[in-house]
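Have a look at the structure below, then the notes.
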Amino acid sequence: MGRGKIEIKRIENRTSRQVTFSKRRSGLIKKTHELSVLCDAHIGLIVFSATGKLTEYCSEPSKMPQLIDRYLQTNGLRLPDPNDGQEELCQEIEVLRREICKLELRLRPYHGHDLASIPPHELDGLEQQLEHSVLKVRERKNELLQQQLENLSRKRRMLEDDNNNMYRWLHEQRTAMEFQQAGIETKPGEYQQFLEQVQYYNDHQQQQQQQPNSVLQLATLPSEIDPNYHLQLAQPNLQNDN
């Protein structure tokens, strides 16, 4: 009973595909050798697997490079010669080298070299160019310094705000603890009013520390303080006792 006809299409299974490749490659090489021996044909076989592995066969006594050269000559083709264009490339390299030397010589006066052979009017132009370059560099430097100063000032303000907020929070917590230790019960509105009065007193005390002490500073007490906390001065009795 004959074998069934196999459909020619790509084998999806990787293992089966590799096994089939190995078997058919061996069979192809065997058939190629038989054809070269039986018919005295010059055959060159080159096979690359899916993984890039090279397999080649060349009928004796020929060699693969000889067969490739014969194939190219027959079809009017030739491989590119590595020496082709080398002369043009060397000429281009030489032109670039001379251009680089010229540029380096032109830059030497800017570094303070070879100034003895430069005429006075060229020295004046060189001086102006250097001064203009220094001005540009200084402007850029000042711009960067200004940006750094602005960033530092912004960070300083942020730290000061954080410090003030932390001080205010600690002061409120300490005042609340003092109220709890004293056993004083207050309403939220009264407690907030008391905190505002304490904060005002603290600010007022700081201002007084920056100024000379005087009895007249009693007149600068705030009017927003609760009247119950005002100090009332006793009026002296100027009449003699009868």
Side-chain angles (χ1 to χ4, degrees), residues 1-119 122-123 125-130 132-141 143-144 147:
M1 185 175 180
R3 297 175 57 185
K5 186 177 181 180
I6 299 176
E7 183 181 3
I8 303 301
K9 66 176 184 179
R10 184 178 183 274
I11 301 174
E12 299 297 335
N13 186 274
R14 182 177 180 179
T15 304
S16 300
R17 185 169 62 248
Q18 184 65 29
V19 172
T20 303
F21 173 78
S22 300
K23 291 182 178 180
R24 290 186 176 251
R25 178 186 57 186
S26 300
L28 178 60
I29 294 175
K30 180 180 179 181
K31 292 294 182 181
T32 303
H33 175 70
E34 292 175 354
L35 179 61
S36 65
V37 173
L38 293 174
C39 302
D40 194 19
H42 300 276
I43 303 175
L45 177 64
I46 299 176
V47 180
F48 287 98
S49 66
T51 58
K53 184 179 180 180
L54 171 65
T55 302
E56 64 179 32
Y57 170 81
C58 183
S59 59
E60 297 179 355
S62 301
K63 295 183 179 180
M64 187 63 70
Q66 295 176 353
L67 290 177
I68 293 176
D69 291 339
R70 183 177 177 182
Y71 169 80
L72 294 174
Q73 292 176 3
T74 303
N75 291 275
L77 303 174
R78 68 184 184 91
L79 293 175
D81 189 357
N83 297 325
D84 290 347
Q86 184 175 4
E87 184 178 356
E88 296 180 359
L89 182 60
C90 291
Q91 293 178 358
E92 186 177 355
I93 292 175
E94 185 63 27
V95 171
L96 293 176
R97 185 180 290 110
R98 288 196 297 266
E99 189 68 22
I100 292 174
C101 292
K102 291 180 181 179
L103 293 175
E104 290 179 350
L105 290 175
R106 291 181 59 184
L107 289 176
R108 287 184 62 83
Y110 290 93
H111 296 281
H113 304 295
D114 302 337
L115 299 178
S117 60
I118 300 178
E122 293 185 4
L123 288 176
L126 179 61
E127 182 181 7
Q128 293 178 1
Q129 293 179 4
L130 291 176
H132 181 71
S133 300
V134 170
L135 181 61
K136 290 294 184 181
V137 172
R138 187 177 292 111
E139 290 178 354
R140 179 57 181 168
K141 179 182 177 181
E143 182 180 354
L144 294 177
Q147 293 178 359

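We number each residue from 1, following the sequence as shown. These numbers come from a predicted model, not from an experiment.
Within the 3.5 Å criterion, the main-chain N or O of D40 finds no donor-acceptor partner in the side chain of S36. Proximity of a side-chain donor or acceptor of R17 to a complementary backbone N or O of I11 within less than 3.5 Å is detected. Not a single donor-acceptor pair under 3.5 Å links the side chain of N75 to the backbone N or O of L77.
By the neighbour-count criterion of 12 heavy atoms within 6.0 Å, atom NE2 of H132 is sparsely surrounded, having that number or fewer from other residues, nucleotides or ligands. Summarising the local packing, CD of E122 is surrounded by more than 12 heavy atoms from other residues, nucleotides or ligands at distances under 6.0 Å. Sparse packing is recorded around CD of E60, with 12 or fewer heavy atoms of other residues, nucleotides or ligands lying under 6.0 Å away.
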Test side chain to side chain contact (heavy atoms under 4.5 Å, CB included) on V95 and Q91 and set out the steps. CA-CA 6 Å; V95 171; Q91 293 178 358; 5.6 Å; no
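The salt bridge (charged side-chain N to carboxylate O under 4.0 Å, His left out) search around E143 returns R140, not counting sequence neighbours. For L130, the side-chain contact (heavy atoms from CB on, under 4.5 Å) test picks out Y110, L126, with sequence neighbours left out.
Donor-acceptor pairing under 3.5 Å is recorded for the side chains of S62 and H42.
Side-chain atoms of V47 and F21, non-hydrogen and from C-beta on, do get closer than 4.5 Å to each other.
With rounding to the nearest 0.5 angstrom, the SG atom of C90 is 9.0 Å from the CZ atom of R97. Taken from CG in L144 to CD in E139, the straight-line distance is 12.0 Å, to the nearest 0.5 Å. Atom CG of L67 sits about 10.5 Å away from atom OG1 of T74, to the nearest 0.5 Å. In this structure, NE2 on H33 lies 8.5 Å from CG on L38, to the nearest 0.5 angstrom. Rounding to the nearest 0.5 Å gives a distance of 10.5 Å between CD1 of I118 and CZ of R108. Here I46 contributes atom CD1 and T55 contributes atom OG1; the two are 11.0 Å apart, rounded to the nearest 0.5 Å.
Salt-bridge formation is detected for the pair E12/R10: a Lys NZ or Arg NE/NH1/NH2 atom is positioned less than 4.0 Å from an Asp or Glu carboxylate oxygen. The pair E94-R98 meets the salt-bridge criterion, with a side-chain N (NZ, NE, NH1 or NH2) lying under 4.0 Å from an Asp/Glu carboxylate O.
Contact record, L28 with T32: O-OG1, 2.7 Å, taken as the closest heavy-atom pair.
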